[in-house]
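Each ligand, and each atom within it, is numbered from 1 in the order the structure gives. Just so it is clear, the values below take in all heavy atoms, side chains as well, and ignore hydrogens, waters and symmetry mates.
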Amino acid sequence: MKTIIRALKADITSLSVDAIVNAANSSLLGGGGVDGAIHRAAGPELLRECRLLGGCETGQAKLTLGHRLAARYVIHTVGPVWRGGANGEPELLASCYRRSIELAAANGIATLAFPCVSTGVYAYPSELAARVAVRTVRSALDANAGIQEVVFCCFSSNDLQIYEIALNETAV
Ligand code: AR6
């Protein structure tokens, strides 16, 4: 069965999917942006669980429960800080999406939502990031069966438009 891939505009903490992805920092101990929103909505049990994980390297991903969220799990990934684009940023961002898909598949997660990783505080240009995200998710899904739906959860209308273009551009 072909996986549904779509973009929508929403607060990711409101989504009833099996797992939401968090754009975290390497401490995994919370922060601003989507990370702060996820920790607020999941409650203090999430921070308690994150403390046991020993952080996470850029480009990698770790799984926790969703606690008070509708989502059963949170996949925490650490995107690269944009430093002009010639410092491995595209490869590291692709790795965030690929590792998250692999972790989801390994844990029987069928529906998964991503925020626009690295495009807020970490300043990765949105159009470039969307192309990396869409391309990487499509190819990672080929190798990871069982995922039924991937949602690109955009927080702004502008990001939604960018994703709709990226999804059309790379459509097979
Ligand atoms: N739902 C969906 N998307 C959101 C939400 C939300 N509730 N809130 C913000 N966004 P950012 P980064 C979007 O800065 O660039 C944190 O402090 C936002 O509009 O959250 O990867 C971490 O602890 C943007 O499109 O993440 C790290 O230190 C996207 O989420 C650092 O920021 C990502 O923006 C990570 O920076």
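In this structure, CD in E102 is found 5.5 Å from CG in N144, a value given to the nearest 0.5 Å. Considering CG of L46 and CD1 of I38, their distance stands at 8.0 Å, rounded to 0.5 Å. Between the CG atom in D18 and the CZ atom in R72 there is a gap of 8.0 Å [rounded to 0.5 Å]. Taking CG of N22 as the reference point, atom SG of C50 lies at 7.5 Å (rounded to 0.5 Å). The CZ atom of R98 sits 9.5 Å away from atom CD of Q60, with the distance rounded to the nearest 0.5 Å. To the nearest 0.5 angstrom, L8 atom CG is 12.0 Å from D159 atom CG.
With H67 as reference, E49 is the one residue of E49, R48, H39 to meet the side-chain contact (heavy atoms from CB on, under 4.5 Å) rule.
Residue contacts with ligand 1: V121 is placed with a nitrogen or oxygen under 3.5 Å of a nitrogen or oxygen of the ligand (distance criterion only). The distance criterion of under 3.5 Å between nitrogen or oxygen atoms is met by G120 with respect to ligand 1. Checking only distances, V34 does come within under 3.5 Å of ligand 1, N or O to N or O. Taking only nitrogen or oxygen atoms, main chain and side chain alike, T13 does not reach within less than 3.5 Å of ligand 1.
Here the protein heavy atom with the shortest distance to atom 24 (C) of ligand 1 is T119 OG1, 3.7 Å. The protein atom (non-hydrogen) at minimum distance from atom 36 (O) of ligand 1 is Y122 CG, 3.4 Å. Residue, atom and distance of the protein heavy atom nearest to atom 1 (N) of ligand 1 are I12 N, 3.0 Å. Here the protein heavy atom with the shortest distance to atom 21 (O) of ligand 1 is S118 N, 2.8 Å. Nearest to atom 17 (O) of ligand 1 among the protein's heavy atoms is G32 N, 2.7 Å.
Close approach of ligand 1 to G31 (heavy-atom distance below 4.0 Å) involves ligand atoms 17 (O), 23 (O). Below 4.0 Å from some heavy atom of D11 lie the following atoms of ligand 1, by number and element: 1 (N), 6 (C), 7 (N). For ligand 1, the atoms sitting less than 4.0 Å from at least one non-hydrogen atom of A37 are 7 (N), numbered in the order shown with element in parentheses. Interface atoms of ligand 1 facing F155, defined by a heavy-atom separation under 4.0 Å, are 1 (N), 2 (C), 3 (N), 4 (C), 5 (C), 6 (C), 7 (N), 8 (N), 9 (C), 10 (N), 13 (C), 19 (O). Using a 4.0 Å cut-off to heavy atoms of A23, the atoms of ligand 1 that qualify are 21 (O), 22 (C), 26 (O), 35 (C). In the vicinity of D159, heavy-atom distances shorter than 4.0 Å reach the ligand 1 atoms 25 (O). Those atoms of ligand 1 that come under 4.0 Å of a heavy atom in D35, given as number and element, are 22 (C), 23 (O).
The closest heavy-atom contact to atom 29 (C) of ligand 1, among the options C116, G30, C153, comes from C116.
By the 4.5 Å heavy-atom criterion applied to side chains, Y124 and P80 are counted as neighbours.
When every heavy atom of V17 is checked against every heavy atom of A113, the shortest pair comes out as CG2-CB, 4.1 Å.
For the residue pair S27/N25, the side-chain donor-acceptor check at 3.5 Å is satisfied.
Listed for the S100 side chain is a donor-acceptor partner under 3.5 Å among the backbone atoms of C96.
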